[in-house]
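Note that the structure is predicted; figures quoted are calculated from it, not measured. In what follows, every chain begins at residue 1, and chains take the letters A, B, ... in the order their sequences are listed.
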Amino acid sequence: MDLSKLNPPQREAVLTTEGPLLVLAGAGSGKTRVITHRIVHLLDKRPGGLLARNILAVTFTNKAATEMKERLVHMAGPRAQNVLVCTFHAFGAEMLREDIYRLGWPKKFTIADQGDQAAIIKRAMRERRIDDRTFDPRKVLTLISKAKNAGKTPEPLGEGMGDDYDLIAHMVYEAYQLALKAQGSVDFDDLLILPSRLLREHEDLRHKYTQRFRYLLVDEFQDTNQAQIDLLTLLASGETRNVCVVGDDDQCIYSWRGAEVRNILSFDKYFAEAKEVRLEQNYRSTQVVLDAANAVIAKNPERKAKKMWSERKGGERIKVVSAPTEEEEARYVATEISRLVAGGIPADEIAVLYRVNGQSHPIEEMLREKGIRYEVVSGSEFFDRREVKDVIAYFKLIANPRDETALLRIINVPARGIGDVTMERLVAHARRDSVTLWGAMERAEGYEDLPKGAAEKVKDFLQLVERYRQSYETGKLAEVTRKLLEEIGYKDDAKSLITSQASADRKLKSIDQVINSLEAFEKREGPKASLLTYLNRLSLDTRQEEEEEVPGGHKAVTLMTLHASKGLEYRVVFFIGMEEELMPHKGMQGEAQNLEEERRLCYVGITRAKELLYLTRSVTRVKRGKEVPRTPSRFLEDIPPELVEVLDLDAPRKGPPTDQEKNFFASLKERFKAPGTSGGVAPGSKPAVGAPTTGGPAATGTTGGVR
DNA sequence: TAAAACCTCGTTTTT
DNA sequence: CGAGGTTTTA
């Protein structure tokens, strides 16, 4: 392998194979290269002794894992095939698949997703007479998850408890945990915590795993949580302590999900005498972009200061653009994009970044209007769709009859005459007789408070599920599913429930997509494909099957949140909504905003740009039907003025107003006509009269010349 | 049990 | 303003 293409610190990171090592890899510093080279170097170094299967590389997402594995195999050939590259959660799930029975769970466990978790919490709250409308179960879940990750077990009430939510979390924690176990499920936190317990409590397993994984590597270490570092510490508790973690504290943007910057800031607390390597040369951006990013992040107090530098001296100045309205901001972005594309920048080298998903809408509208292809990288909304969740609940129940959450979800979907009253009574029986809900349903006929009609319907349902459990054992997953959905009339039901034609089509389509994904899974996995393995994969990896590529291979502009942009790079980046309350985002009511994290988020956004960066904002914004004035982001002030070219689109313009603008004036008049309404503009702000100007090429000035 | 009115609430999100 | 869920009513 050729190490000469690496710079000195990179080479050191690759060659320091023994003992704990912290690699501080600034944005664009060639982190991925270092990791892959390091692994290949390990394989080269000890051809006889070290096997690929002795290496474990942990990544943040499945996507990253797949890509890394591909790169490894590409570089090192088939011998890299046995390097285990996966996420912490996937690793944990794998451990549990073999040994969870030692902790008292059934071998065929299912993984509870957020919806399942929330449902369990909700039930636990109700049992304790806590109103789940006054108190949001998901907030309770967040607290319980934090407690779990911090290693806290359910315990009696201590003194000096915090607010109501802390109290509720405390009251519900144990019930939640028991319910989860009783229904043979684990949550995402358990995928980390239970493996740690296995290693701690079972000498033989600790021996097995520490013997096998002699070299550990963790990517995106800044976003690991307590449970993950616990697991890592245990895996590294054998004779070898070859733990290499790679990350950038300045890019920790998931602390709201439990990530601990502390993990990277005090790595040496966990692994004494850890070596530290800093990668500070940036291969991505121009010095101008980098200087701006450095200036913004420098204000964070607690960090491992890095001085990022680039060989790409100078560069196009950063365009700081203010538009009169959100629409104009979007129009400007769309116009600039079409200009850049016309000037030869491929569309897929351009990204629009924003803090919250909702910000994409105006941009999408304008891009459509101008006929620019775009792609929105959206979260997991596919699996949030009701139909998809329903179908998956059927799978879960069939794979694991104890799964009460799944059972309650679909017992009456489509309606089969088993209502809440019946189920409430069955749940009561189940609790009293200490059996699962499924068990109680099997006894339905014996319960006096159940009308015979109800008991009959329950029995029919049980038989249906049993029958399909058999079918799934032998038949093709996708085929059996089609038959199942046909038999229960799910599609007809979905159709009749829907108001509009379009949304009905969408629903049917997403059901088909589930079947397609099932089919693809079956094809990939071959004979070992089962409902349970499918479900496990699905819970851990919510990526959709890659959609059919457009034949022409037309390139599209990417729209996504800052969070989704981590690790990616584009020649041109539009960072929109550079306003207070949006960037930095205003925290949830009550909860203080985490300014340091917002700053890191801003840093991540800026450092995505290779050549050209636009920071745009709007002077007014329509919020809940009302126009409100906006303050420029404080982060803009941190960027040295000499790096910036300011552009104000609120300048006089020539030409008649467009229809849209006429409408704007009309609505403005409307607003002033209506007296007494609180509508209109906040005191002290200038109404945006005369505001509409087009951000056409004429107004944009000197932006040309991106190579 | 199922459609119609009603009300509430607006982060980030992968595992 | 609009999506989503919940309560109300038939």
Atom C1', compared across C:dT6 and B:dT11: separation rounded to whole Å: 24 Å
Reckon A:Gln114 touches a base, only the sugar-phosphate, or nothing at all at heavy-atom distances under 4.0 Å? base
Could you check which of B:dT11, B:dT14, B:dT12 has an atom nearest any side-chain atom of A:Asn357? B:dT12
Taking only residues two or more places apart in sequence or in another chain, which ones pass salt bridge (charged side-chain N to carboxylate O under 4.0 Å, His left out) with A:Arg257? none
Contacts of A:Glu596 that satisfy salt bridge (charged side-chain N to carboxylate O under 4.0 Å, His left out) - sequence neighbours left out: none
Give A:Phe60 one of three labels, base, sugar-phosphate or nothing, depending on what nucleic acid heavy atoms sit under 4.0 Å from its own. sugar-phosphate
Fill in the dot-bracket string of DNA chain B, one character per base: . for unpaired, | for a pair to another strand, ( ) or [ ] for pairs within the strand, taking Watson-Crick or G-U pairs under 3.5 Å. ||||||||||.....
Tell me whether the side-chain N/O atoms of A:Lys63 come closer than 4.0 Å to OP1 or OP2 in B:dT13. no
Between B:dT11, B:dT15, B:dT13, which one does the side chain of A:Thr87 approach most closely? B:dT15
Looking at B:dT15, B:dT12, B:dT11, which one has an atom nearest to any side-chain atom of A:Leu540? B:dT15
Rounded to the nearest angstrom, tell me the gap between atom CG in A:Leu353 and atom P in B:dT12. 15 Å
Length of the CZ-P vector between A:Arg600 and B:dT11, whole Å: 21 Å
How many whole angstroms separate atom CG of A:Asn594 from atom C1' of B:dT11? 12 Å
Is A:Arg257 side chain donor-acceptor paired with the B:dT12 base, going by distance under 3.5 Å alone? no
Between A:Thr422 and A:Leu191, name the one whose nearest nucleotide on DNA chain B is closer to the 5' end. A:Thr422
Which residues pass the ring pair (Phe, Tyr, Trp, His ring centres under 6.0 Å) test with A:Phe109, sequence neighbours left out? none
Take atom CG of A:Asn225 and atom P of B:dT14, then tell me their distance rounded to the nearest Å. 16 Å
Options B:dT15, B:dT12, B:dT11, nucleotide nearest the side-chain atoms of A:Trp256: B:dT12
Calculate the interatomic distance between A:Lys139 atom NZ and B:dG10 atom C1'; express it in whole Å. 12 Å
Using a cut-off of 4.0 Å on non-hydrogen atoms, how would the nucleic acid contact of A:Gly417 be classed: base, sugar-phosphate, or nothing? sugar-phosphate
Result block: side-chain N/O donor-acceptor pairs under 3.5 angstrom for residues 62-69 of chain A, not counting sequence neighbours:
{"from": "A:Asn62", "atom 1": "ND2", "to": "A:Leu540", "atom 2": "O", "distance (Å)": "2.7"}
{"from": "A:Thr66", "atom 1": "OG1", "to": "A:Asn62", "atom 2": "O", "distance (Å)": "2.7"}
{"from": "A:Thr66", "atom 1": "OG1", "to": "A:Arg543", "atom 2": "NH2", "distance (Å)": "3.2"}
{"from": "A:Lys69", "atom 1": "NZ", "to": "A:Gln81", "atom 2": "O", "distance (Å)": "2.9"}
{"from": "A:Lys69", "atom 1": "NZ", "to": "A:Val83", "atom 2": "O", "distance (Å)": "3.1"}

Considering all heavy atoms of both residues, which atom of A:Glu597 and which atom of A:Cys252 are nearest to each other, and what is their separation? OE1-O, 3.6 Å
Apply salt bridge (charged side-chain N to carboxylate O under 4.0 Å, His left out) to A:Asp390 and list each qualifying residue two or more places apart in sequence or on a separate chain. A:Arg409
Which part of the nucleic acid, if any, lies within contact of A:Gln117, taking any heavy atom under 4.0 Å across all strands shown: a base, the sugar-phosphate backbone alone, or nothing? nothing
List every contact pair, protein side and nucleotides 8-10 of chain C side both N or O, where the distance is under 3.5 Å.
none

Residues forming a ring pair (Phe, Tyr, Trp, His ring centres under 6.0 Å) with A:Phe91, sequence neighbours excluded: A:Phe213
Taking any heavy-atom pair under 4.0 Å as a contact, classify A:Lys457: base, sugar-phosphate, or nothing. nothing
Apply side chain to side chain donor-acceptor pair (under 3.5 Å) to residues A:Ser196 and A:Asp230 and explain how you reach the verdict. CA-CA 7 Å; A:Ser196 288; A:Asp230 285 347; 5.8 Å; no
Using the side-chain heavy atoms of A:Glu598, tell me which of these nucleotides is nearest: C:dT6, B:dT11, B:dT15. B:dT11
Quick one: are the ring centres of A:Trp256 and A:His563 less than 6.0 Å apart? yes
Can you tell me if the side-chain N/O atoms of A:Ser539 get under 4.0 Å from OP1 or OP2 in B:dT15? no
With sequence neighbours left out, the residues meeting ring pair (Phe, Tyr, Trp, His ring centres under 6.0 Å) with A:Tyr603 are none
Classify the nucleic acid contact of A:Leu538 as base, sugar-phosphate or nothing, counting any heavy atom under 4.0 Å across all strands shown. nothing
Determine whether A:Asp187 and A:Lys148 make a side-chain contact, defined as any pair of heavy atoms from C-beta on separated by less than 4.5 Å. yes
Flag for A:Asp249-A:Gln222: side-chain donor and acceptor within less than 3.5 Å: no
Nearest listed nucleotide, side chain of A:Arg355, among B:dT12, C:dT6, B:dT15: B:dT12
Reading DNA chain B from 5' onward, which residue's closest nucleotide shows up sooner: A:Leu562 or A:Arg416? A:Arg416
How many Å lie between CE on A:Met560 and P on B:dT12, as a whole number? 16 Å
Expressed as a whole number of angstroms, how long is the span from A:Lys623:NZ to B:dT11:P? 10 Å
Would you mind reading off the distance between A:Phe109 atom CZ and B:dT15 atom C1', rounded to a whole angstrom? 14 Å
Judged by whether its glycosidic angle lies within 90° of 0, B:dT11 is syn
Could you tell me whether A:Asp223 contacts a base, only the sugar-phosphate backbone, or nothing, with contacts defined as non-hydrogen atoms closer than 4.0 Å? nothing
State whether the distance check finds a donor on one side and an acceptor on the other, under 3.5 Å, for side chain A:Glu581 versus base B:dT11. no
